[in-house]
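These notes are about the structure you will find just below.
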Protein chains: 2
Amino acid sequence: MSVAARVLDVLGAFTDATPVLTLTEISRRTRLPLTTTHRLVGELAAWGALERAESGAYRVGLRLWEVGSLAPRGVGLRERAMPYLEDLHEVTRHNVVLAVLDGAEVVYVERLSAHDAVSIRSRAGSRMPATATGVGLALLAHADPELVDRVLAAPVRRFTPATVVDPAEIRRLLGEVRRTGVAISVQQIELVSQSVGAPVRDATGVVAALSIVVPAESNPHAYAPAVLAAARGISRALTGVNGALAR
Amino acid sequence: MSVAARVLDVLGAFTDATPVLTLTEISRRTRLPLTTTHRLVGELAAWGALERAESGAYRVGLRLWEVGSLAPRGVGLRERAMPYLEDLHEVTRHNVVLAVLDGAEVVYVERLSAHDAVSIRSRAGSRMPATATGVGLALLAHADPELVDRVLAAPVRRFTPATVVDPAEIRRLLGEVRRTGVAISVQQIELVSQSVGAPVRDATGVVAALSIVVPAESNPHAYAPAVLAAARGISRALTGVNGALAR
């Protein structure tokens, strides 16, 4: 394994579930000798990619966050989308999320939560399966058919009794998203909530999706116009076009 | 130079001003031979730390953003602070920013902008000098005196005719921040705006600052109570304490 790959392995050892790791834990996760781990972690910490927690363990450093913030599908997309997400959040007082597709998963780029909004699992930087989520269905509906085949060939993860796991039924949902422009996922992630999503486009096609996460007892269709308006606003900001975009 | 340092050098070549770079540009900036650059960039792209733009040039990839989002002073801090920033933004309709201190500079962790708010230079992930900004004055006022000496020993950058560059005058401003709890920076960055900032504390001390950026013609003192309330709310969220915090 090359040294570059080792460096990246050390960085990849830090995850949502394990944001703070000791040298021994990093060594075990990367299967690198402790001495090699010690040297690499020292170099990463000196640069600011890692920093030391009070416990003496390591966590991701501010400098890596700064460089990461240059990713166009991360903070770059988020910056353009933010005013529209804010508007939607303010009008509805519910959670609003923005996500991009990465293989069979969605990566959340933004989440706006009110103090009193329904519980929600995602946070900026976290991942979820593309199926079952409103943003995921909106993205898959416009994804390469080969990717959809690959996603549906693998077992689909079940979160609640309402999670749709039958590939034929998921395909039907994707068709409905293409027909209506809106992706509605009812209680598929948590029984207390449902999400209403829509795709976001730039000049190249669908690049992201947003959704609003609302209580299970509300009428999801009532949120569709606001969600579509926000998605169009962001699409317009990304393309720099003032006229209407085709759905 | 070690290979790890070279990998970090390649990542560090990407900045706010140069978010997209060709192989040749990366090679020139890092002073690495083109063949070495080619190999390292290939490994970084395969892992997802870099990705290829339509032009064939490279930019920071989604995976690096994901790992970076685990930085506690980046997205971690932002997530805890967000509801309070939102409240302040919603009540005032002005730009709200959250920043941390890194040496003589502040790094912006969050910025909430309204469509119609006054212009603002910062974005999440960008840097500014600690002096002259509301968040910077709030942070410097509570920083290690040796750091303050070091910052004021270097020439202070001037942005507008109103930028305070005299070290003695800056020290007076810092004393006022400690006395009043609020940092007011009038037209120091742009003549159209001023900022009202306050420090955010966790159990270890001041860890961040927030500020509101308002038009130059408004009365900054009118915003102080709302800014202080938001700063206390975030401090409480960071410490998990329900009672009042000492200022």
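This one's a predicted model, so the numbers in the text were calculated from it and none came from an experiment. Naming: A, B, ... by sequence-line order, numbering from 1 per chain.
- Rounding to the nearest 0.5 Å gives a distance of 8.0 Å between CG of A/L11 and CG of B/L11.
- For chain A, the nearby part of B/V100 is the side chain; its heavy atoms alone come within less than 4.5 Å.
- Ranked by heavy-atom pairs shorter than 4.5 Å toward chain B, the options A/V109, A/D16, A/V20, A/L40 are led by A/V109.
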ask   = Does the pair A/L70 and B/R59 meet the rule for a side-chain contact (heavy atoms from CB on, under 4.5 Å), with working shown?
value = CA-CA 8 Å; A/L70 299 169; B/R59 54 192 186 189; over 6 Å; no
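- Contacts between B/L50 and chain A at a heavy-atom distance below 4.5 Å are absent for every atom of the residue.
- Between A/R78 and B/E110, at least one side-chain nitrogen of the basic residue sits less than 4.0 Å from a carboxylate oxygen of the acidic one, meeting the salt-bridge criterion.
- A/E51 is listed as a side-chain neighbour of B/P72, based on a closest heavy-atom distance under 4.5 Å.
- Proximity to chain A is absent for every atom of B/R39, based on heavy atoms less than 4.5 angstrom apart.
- Using a 4.0 Å cut-off between a side-chain N of Lys or Arg and a carboxylate O of Asp or Glu, A/E66 and B/R73 do not qualify as a salt bridge.
- Atom CG of B/L112 is separated from atom CG of A/L112 by 8.0 Å, given to the nearest 0.5 angstrom.
- At a 4.5 Å heavy-atom cutoff, B/E54 makes no contact with chain A through either its backbone or its side chain.
- Both the backbone and the side chain of B/V67 come within less than 4.5 Å of a heavy atom in chain A.
- Going from atom CG of B/L64 over to atom CH2 of A/W65 covers 12.5 Å, rounded to the nearest 0.5 Å.
- Contact of B/V60 with chain A is made through backbone and side chain together, with heavy-atom distances under 4.5 Å.
- Between A/E43 and B/R6 there is no salt bridge, since no side-chain nitrogen of the basic residue lies less than 4.0 Å from a carboxylate oxygen of the acidic one.
- Across all non-hydrogen atoms, the minimal contact from B/A71 to A/G61 is CB-O, 3.6 Å.
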Test log, rule side-chain contact (heavy atoms from CB on, under 4.5 Å), inputs B/E86 and A/E86 = CA-CA 9 Å; B/E86 290 267 346; A/E86 290 268 347; 3.6 Å; yes
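- Contact of the A/R111 side chain with the B/E79 side chain is registered, since non-hydrogen atoms from C-beta on lie closer than 4.5 Å.
- Minimum interatomic distance between B/S69 and A/G125 (heavy atoms only, all atoms of both residues): OG-CA, 3.5 Å.
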